[in-house]
Amino acid sequence: MLQKARTENADTPQAPSGQLVLTLAGICKSFPGVRALSDVSLELYPGTVTALIGENGAGKSTLVKILTGIYQPDEGTIRLGGREVFFATAYDAHRAGITAIHQETVLFDELSVAENIFLGHAPRTRLGLIDRARMNREAGTVLERIGAAIDPQARLRDLGIASKHLVAIARALSVDARIVIMDEPTAALSHKEIEELYELIERLKAEGKAILFISHKFDEIFRIADRYTVFRDGECVGAGLISKTNHDALVRLMVGRPVGQIFPKRKAEIGPAVLTVSGYSHPTEFADIGFELRRGEILGFYGLVGAGRSELMQALFGITKPSRGAVRIDGEVAVIRSPAEAIRRGIVYVPEERGRQGAIAGLPIFQNVTLPSLSRTTRHGFLRLAEEFKLAREYTSRLDLRAASLDQDVGTLSGGNQQKVVIAKWLATAPKVIILDEPTKGIDIGSKAAVHAFMSELVAAGLSIIMVSSEIPEILGMSDRVIVMREGRIAAEFAREGLDAETLVRAAAGIAGEMPPMPDASTPAPLQGP
Amino acid sequence: MMRLLKSREILLAAAILVLLAAIAWRFPGFVRPANLANVFNDTAILIILALGQMMVILTRCIDLSMAANLALCGMVVAMLNATVPGIPIPLLILFGIGVGALLGAFNGILVWKVEIPPIVVTLGTLTIFRGIIFVISGGEWVNAHQMSAAFKALPRAPLLGLPMLSWIALAAIALMALFITRTPLGRAFYAVGGNPTAAVYTGIDVGRTRFLAFTLAGALAGLSGYLWVSRYAVAYVDIAGGFELDIIAACVIGGISIAGGIGSVGGAVLGALFFGVVKNALPVIDISPFWQLAISGSAIILAVAFNARAERRQGRLILRNREAAT
Amino acid sequence: MSETTQRFIPDRLESRWTSLLKSWETLLVAVAVFVFVVNALSSPYFLNAWNLSDATFNFTEKAMIAMAMALLIIAGEIDLSVAAIIALASTAMGLALQYGAGTPELVLVGLFVGLACGAFNGWLVTGFGLPSIVVTIGTMSLFRGIAYIILGDQAFTGYPADFAWFGQGYVWWVISFELVLFALVALFFGVLLHCTGFGRQVYAIGNNPTGALFSGVRVARVKFVLFLMTGLMSGLAAICLTARLGSTRPSIAFAWELEVVTMVVLGGVNILGGSGSIPGVFIAAIIMGLVTFGFGLANVPGIVMSIFTGLLLIAVIGAPILWHRLRGEKTLP
Amino acid sequence: QDNVRIALVVKALGIGFFEAAHEGAQEAAKELGNVEVIYTGPTDTTAEGQIEVINSLIAQNVDAIAVSANDTDALVPTLKRAMDRGITVISWDSGVAPEGRQMHLNPSSNQLIGEMCVKMAADHLPEGGGDVAILSASATHTNQNNWIAEMKKVLPDYPGVNLVTTVYGDDLADKSYREAQGLIQSYPNLKAIIAPTSVGIVAAAQAVTDAGKIGEINVTGLGLPSEMAGHVKSGASKSFAIWNPIDLGYAATMIAYNLATGQATAEPGAEIDMGRVGTVTLDENREGAMAEPFVYDASNIDRFKDIF
Ligand SMILES: Nc1ncnc2c1ncn2[C@@H]1O[C@H](COP(=O)(O)OP(=O)(O)OP(=O)(O)O)[C@@H](O)[C@H]1O
Ligand SMILES: Nc1ncnc2c1ncn2[C@@H]1O[C@H](COP(=O)(O)OP(=O)(O)OP(=O)(O)O)[C@@H](O)[C@H]1O
Ligand SMILES: [Mg+2]
Ligand SMILES: [Mg+2]
């Protein structure tokens with residue numbers, strides 16, 4: 001049932017000239033107002049990792065959805081091993097041997113880990129009932145294979161975010177597929193898990209699978225991919241062997257222009273403390289947090305996924321209630337009970353979960369942007385549309401948003417462009433302190449540079465930034481100071497000068513360098529809450 | 001996690017026991033086994049309907065038309081029995097179930113193929129079904145004397161000390177438990193309600209699953225239709241009027257999340273029983289009938305608040321070594 | 001290949017008039033005109049100012065509640081206890097009458113009880129984070145139950161003559177007070193929803209409550225206010241209905257909640273929250289009034305009429321979806 | 001000559017009793033010749049529903065409205081408006097407050113009905129009397145409440161009858177059934193249930209049958225022969241009473257016709273012709289009674305069960 005090494009068709013990855021597994025030709029797909037894919041072609045070879053890269057909204061995820069039967073192409077053909085196929089549903093694609101780790105989590109909180117992995121293809125008893133024992137056993141095997149220590153009988157909702165991602169990966173690998181698609185699989189994983197994923201990909205390659213790998217992280221593309229295909233604005237603008245290209249060339253293909261400096265940190269004048277936090281604690285999520293943020297400073301927060309950074313930031317923003325501690329803004333004690341109050345005091349938070357906490361799908365772009373600033377765009381409580389469009393245009397154009405119109409539903413934008421709308425929304429409130437939680441997660445390299453440049457601009461203009469990030473280069477490149485959190489506490493604080501990646505990782509993982517236990521509960525969570 | 005899963009049902013069972021104890025204090029006769037069996041028998045139809053509604057709610061839908069469906073099926077079998085008394089009762093029951101399934105499928109088709117929100121569909125069919133009863137019956141009642149003896153006897157027939165009605169409910173509970181926990185379709189209900197987008201990605205046809213949930217719920221409503229009219233020995237347009245909200249209340253008291261994806265057969269049954277005990281006990285312990293409505297309303301609110309408390313997420317508990325927290 | 005990637009993004013793709021023409025409200029107006037014409041052709045009694053005026057009494061009270069309910073449903077909540085609030089408010093007015101209250105006091109009592117019930121619903125929903133559909137199924141029994149406890153098998157009668165004006169009076173010629181009140185209520189809610197920041201927040205909450213919270217919208221407070229307003233409108237409807245009936249029974253306004261919800265949904269409000277408009281609900285109220293009146297003139301039994309209301313609901317909601325489908329615009333999960 | 005259009009407005013459509021009344025109205029119409037009967041009513045027994053129906057009748061400018069009201073007071077304003085527009089308004093069966101109608105036709109006098117109910121219960125009590133309970137319809141039904149009041153008035157004349165409680169089944173079969181069940185369990189000494197409602201009496205008889213208490217508890221009250229035939233045969237109900245609903249519909253139509261065509265005026269003391277049923281004399285409240293209730297038992301049930 002599980003993957004046995006299928007040596008019979010395991011061509012060596014260095015010679016992908018073998019039989020094509022999958023050929024896409026002339027694929028077109030339109031959504032109302034958007035041409036997501038036009039005349040796209042793609043080839044996948046056995047035992048080969050093909051990287052698919054492109055800016056946000058280039059059409060990568062759309063292609064994945066077409067390959068997995070979730071969308072149907074308007075035009076074009078899909079050939080599997082030379083035979084033309086049509087996938088009417090996800091089940092068809094699944095049966096044809098295509099499996100995918102999607103960009104969105106495809107999981108069910110109320111079901112057990114094993115059920116999540118085997119939903120739709122669970123082993124049955126002779127009576128046609130689900131064979132639970134076998135299902136749990138096999139789930140255990142798959143999880144082991146990807147090196148995840150997760151109890152197959154645990155309920156998914158009791159797992160941490162990283163473990164959930166591992167379950168999603170296990171789900172994709174639970175079928176004997178010829179083609180494995182990974183849409184930004186490392187976005188939510190920490191250092192250690194990413195390393196394990198790379199090893200897994202190597203093994204899959206050795207087994208002769210064809211792998212389509214989507215990522216915005218260039219370092220990993222160069223590390224694991226053999227071939228590449230670049231999309232720009234729904235078109236295929238280039239393809240070839242990774243070994244025959246380099247970083248700059250790829251970026252140029254992708255963006256259509258050379259990208260400037262990646263971390264254009266400008267020297268900003270560091271002023272007096274704007275935000276002072278002391279003895280800040282929460283009953284269960286973080287304790288004894290104390291730090292100072294100064295005017296014109298970028299303060300980086302590093303930590304492993306689930307270290308409690310987001311919880312802390314959300315408390316500062318008035319979402320969760322802290323139990324103890326004080327916050328001072330410009331030296332004045334501030335009690336922040338709600339986001340509305342935080343905004344009034346000049347603190348804003350760009351959340352990590354874009355879909356749920358950030359963008360408001362269903363509302364047009366301009367209304368998303370003006371939502372926190374309604375007091376400025378209304379007069380006596382009445383809306384003034386012209387003002388709203390003006391404000392929205394001003395900030396979205398600074399972030400180079402790609403959209404058909406300003407009254408387009410935000411939900412129809414690609415992930416990266418949604419993030420731009422969310423950032424624009426906060427900038428429009430003219431804040432003093434911006435908390436950016438994973439600001440460039442899932443953002444393409446061009447926009448990333450734009451966001452970074454923008455951050456520099458902001459601090460130069462006298463704002464202060466707290467940047468939560470799990471990406472070491474970003475932390476190192478952008479921060480003036482770095483605070484490392486571990487298990488809800490501040491583990492270390494570093495100045496930027498002389499800081500290196502290894503120090504950071506060690507601090508985040510625990511001094512001795514040994515890896516801490518996974519911070520999520522794969523063991524049963526205690527019944528009683530606070 | 002087994003503990004967590006079970007705790008909600010255990011809490012509810014405890015609440016029911018406390019309730020029974022309180023009633024026993026005022027009226028000891030109420031907790032005699034014979035009377036408790038009676039209460040169960042009285043709640044049997046609500047239980048069957050709650051099981052149907054549970055499936056629908058699990059898929060993040062809602063069926064407001066179940067009571068009207070019941071009434072229509074009840075009228076159809078009663079009229080059939082009155083005009084052709086010779087039809088064997090099992091056949092008649094099957095026919096009722098079939099009609100119910102058909103009506104449920106009509107809801108389901110509108111939800112699946114036309115993608116109208118379920119609450120709107122069933123708000124519409126609720127009135128349509130009632131109207132159809134009026135049209136086919138001409139507004140006339142089918143009374144006890146028009147029904148055949150066998151027709152009325154079945155739910156009352158005792159077997160091992162319990163009436164058939166109770167046995168039918170018990171069988172429905174057992175089959176449903178097996179179906180929900182051990183079949184792919186049963187699990188698909190949870191998937192579809194828990195995360196519909198993800199369900200599409202896993203190859204589950206969300207619409208079709210919902211359609212099946214509605215159809216099965218309709219079938220159960222059809223069964224209840226026969227049980228209802230034979231038990232109360234009368235069929236008319238308004239039977240079980242307003243019952244749709246009772247069914248939903250029972251499910252919600254049983255911890256079935258109205259947002260879909262959460263709930264269990266045990267919960268649905270206990271929720272219905274809770275409701276049944278409250279409704280049955282009031283007249284028995286001689287509380288003024290004018291208090292009934294207010295008391296059952298408060299019970300719903302309390303039960304829901306209680307459930308929500310139990311279900312509230314306890315945070316992520318990042319700080320595990322709390323001794324260091326001081 | 002073009003060096004500058006700064007693109008211009010237009011405000012809108014189509015003009016506001018085009019989108020208005022394609023809107024739900026246009027469809028509803030067409031349906032309303034159709035129903036009006038059919039009625040006028042099929043009954044000689046239809047085109048009569050007094051009769052049309054009488055017909056408005058059939059829906060004005062429900063429609064007032066529907067206006068507030070529309071906002072509540074757009075915000076992703078629902079209130080099934082509105083009819084029970086009417087019963088409780090009416091009972092409270094009757095009680096006040098027993099203690100010698102005059103017309104102004106009666107009105108105040110009605111409005112206050114409506115507000116209080118709304119506050120109770122709002123408190124349960126926002127304070128405890130309970131799902132409103134369930135909470136209000138509970139309070140529906142509770143509120144009406146209290147009315148039953150107070151009144152039992154009795155009735156309050158003998159409301160003062162000037163109080164009756166709220167339910168039976170005319171402002172000008174055939175234009176009744178209730179109709180004027182309804183128009184004012186509709187205007188108020190229309191402006192509130194479509195022209196103010198508050199209305200914008202209502203839409204935001206309906207589309208994504210978490211996102212709205214993270215955007216600084218005081219979600220709980222907005223929802224609480226919406227429950228208050230729905231309660232207040234129920235209190236207002238209770239005043240009109242009590243004045244119109246001249247008496248209070250605990251069974252007053254029985255089962256109105258589903259009719260109010262039907263009206264709101266027919267008006268194009270998405271039952272799942274996030275979209276809808278007051279003009280839509282306004283026209284839907286009128287359509288329902290016209291349909292009931294038309295069938296009434298033909299002496300069609302109410303229950304047969306309900307078949308058509310049900311079909312109308314499904315058809316009006318389903319038709320545009322099917323139409324989009326046929327044009328190949330597949331909706332995505 | 002134009003047809004006289006008489007609207008017979010009932011509490012709710014679909015109730016056997018009112019269907020029978022409709023039959024009587026048709027009979028009267030046929031007899032009178034130039035009468036068109038509009039039989040209508042709301043879907044469920046609410047005052048608001050009846051008001052909607054009456055509004056549309058006013059709009060059609062009918063000649064007369066004869067209504068069996070769901071609420072004594074709530075219909076008054078609407079019916080007043082009907083009278084203002086020149087429509088003859090009478091109530092029958094279940095009345096409207098005097099200012100809302102020209103006259104009211106009681107099926108029988110409330111006093112007679114109340115007495116009859118208690119008498120039927122007392123007749124079949126065992127030696128030494130016993131507990132008796134009332135199972136009524138909705139707490140808001142005028143006529144039910146009047147009858148219960150009359151029953152309570154005559155209780156002192158029947159020392160054996162110990163009235164323990166009144167419960168309400170809302171004219172819903174299941175609720176009435178459950179209420180009856182509650183009575184049986186709460187009052188071990190219960191000997192009779194009086195249900196002055198056709199829905200309640202059937203449900204109570206069924207509950208007694210299911211509890212195996214036939215012979216022990218007697219169900220009586222007001223019911224329809226067609227619906228009660230089985231229970232009389234089984235012994236769950238020894239006897240029950242009802243007036244003839246066909247006659248009632250017939251009489252109401254006759255009166256409405258006579259008033260609408262000016263052949264009679266509704267004023268205290270007036271005698272109004274009701275065709276084959278006789279004449280009715282109005283009291284100072286402009287109310288009159290049609291006839292005495294008729295008692296049905298095993299001896300005569302078969303004759304009537306197919307009629308209504
Ligand atoms: N359901 C949809 N309805 C309308 N437009 C859509 C839909 N899904 C995608 N699009 C549009 O199609 C284009 C391609 O989106 P897609 O999600 O494939 O981008 P992507 O390359 O995966 O971007 P990212 O790197 O941000 O994930 C975008 O312009 C997006 O707005
Ligand atoms: N077990 C979980 N279930 C649901 N959501 C989770 C879980 N774990 C983490 N999350 C979500 O992921 C986010 C990360 O939470 P947290 O603040 O604890 O970690 P962090 O240190 O910020 O890590 P990171 O931001 O890198 O994920 C939170 O917003 C939280 O909602
Ligand atoms: Mg993507
Ligand atoms: Mg985080």
Side-chain angles (χ1 to χ4, degrees), chain B residues 62 64 110 113-121 123-135 139 196-201 206-207 237-238 241-242 245-246 248-249 251-253 257-259 288-305 307-309 312, chain C residues 78 80-81 84 120 124 128-153 250 254-255 257-259 261-262 265-266 270-272 301-319 321-322 325 331-333:
Chain B
I62 197 162
L64 293 176
L110 289 173
K113 291 298 180 190
V114 194
E115 286 169 32
I116 307 176
I119 189 167
V120 177
V121 168
L123 200 59
T125 51
L126 147 75
T127 58
I128 294 176
F129 293 167
R130 291 266 176 212
I132 293 176
I133 307 177
F134 183 86
V135 171
T197 320
V200 175
Y201 283 34
V206 173
V237 176
D238 265 344
L245 294 184
D246 287 6
I248 294 166
C251 284
V252 170
I253 290 175
S257 166
I258 210 84
S288 151
F290 299 119
W291 283 77
Q292 274 189 41
L293 208 53
I295 292 179
S296 39
S298 315
I300 297 173
I301 297 171
L302 285 179
V304 172
N307 254 326
R309 266 247 115 82
R312 184 157 295 179
Chain C
I78 196 166
L80 293 178
S81 71
F120 186 61
L124 285 172
F128 296 84
L130 305 178
S132 57
I133 184 164
V134 186
V135 165
T136 56
I137 286 178
T139 53
M140 169 171 125
S141 299
L142 180 63
F143 295 156
R144 199 178 283 280
I146 297 174
Y148 267 104
I149 291 173
I150 294 173
L151 263 173
D153 51 3
F254 186 73
E257 57 275 340
L258 292 186
E259 285 182 59
V261 172
T262 305
V265 171
L266 198 58
N270 184 347
I271 193 83
L272 310 172
I303 187 134
V304 177
M305 198 141 82
S306 67
I307 298 184
F308 284 90
T309 328
L311 285 176
L312 186 71
L313 184 69
I314 291 177
V316 170
I317 304 291
I321 303 178
L322 275 183
R325 179 84 48 77
T331 43
L332 296 162

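Sequence lines set the chain letters: A, B, ... in the order given, protein chains first and strands last, and positions in each chain run from 1.
- Nearest heavy atom pair, residue B:Val114 against residue C:Leu322, reads CG1-CG, 3.8 Å.
- Contact detail for C:Leu258 and B:Leu126: the closest heavy-atom pair is CD1-CD2, 3.7 Å.
- With sequence neighbours left out, C:Ser141 forms a side chain to side chain donor-acceptor pair (under 3.5 Å) with no residue at all.
- When heavy atoms are compared at a cutoff of 4.5 Å, C:Val134 approaches chain B by way of both its backbone and its side chain.
- Closest non-hydrogen pair, C:Leu142 versus B:Ala294, comes out as CD1-O, 3.6 Å.
- At a 4.5 Å heavy-atom cutoff, the contact between B:Ile300 and chain C is made by side-chain atoms alone.
- Considering only heavy-atom pairs separated by less than 4.5 Å from chain B, the leading option among C:Ile150, C:Leu311, C:Leu312, C:Leu80 is C:Leu311.
- Between chain C and the options B:Leu245, B:Val120, B:Leu64, the largest number of non-hydrogen pairs under 4.5 Å is found for B:Val120.
- Of the atoms belonging to B:Leu123, heavy atoms from both backbone and side chain fall under 4.5 Å from chain C.
- A pairwise comparison of heavy atoms in B:Val135 and C:Val304 identifies CG2-CG2, 4.4 Å as the closest pair.
- Here C:Phe308 contributes atom CZ and B:Ile128 contributes atom CD1; the two are 10.0 Å apart, rounded to the nearest 0.5 Å.
- Taking every heavy atom of both residues into account, B:Pro117 and C:Ile271 meet most closely at CB-CG2, 3.5 Å.
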Q.
Evaluate C:Ile133 against B:Val252 for side-chain contact (heavy atoms from CB on, under 4.5 Å), listing each step before the verdict.
A. CA-CA 10 Å; C:Ile133 184 164; B:Val252 170; over 6 Å; no

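- The candidate from C:Leu151, C:Thr139, C:Leu266, C:Thr136 with the greatest count of non-hydrogen atom pairs under 4.5 Å with chain B is C:Thr139.
- In this view, C:Leu272 and C:Asn270 satisfy the side chain to side chain contact (heavy atoms under 4.5 Å, CB included) rule, not counting sequence neighbours.
- Heavy atoms of B:Val206 lying under 4.5 Å from chain C are absent altogether.
- There is no contact between B:Ile133 and chain C, counting heavy-atom distances below 4.5 Å.
- A pairwise comparison of heavy atoms in C:Val135 and B:Ile301 identifies O-CG1, 4.3 Å as the closest pair.
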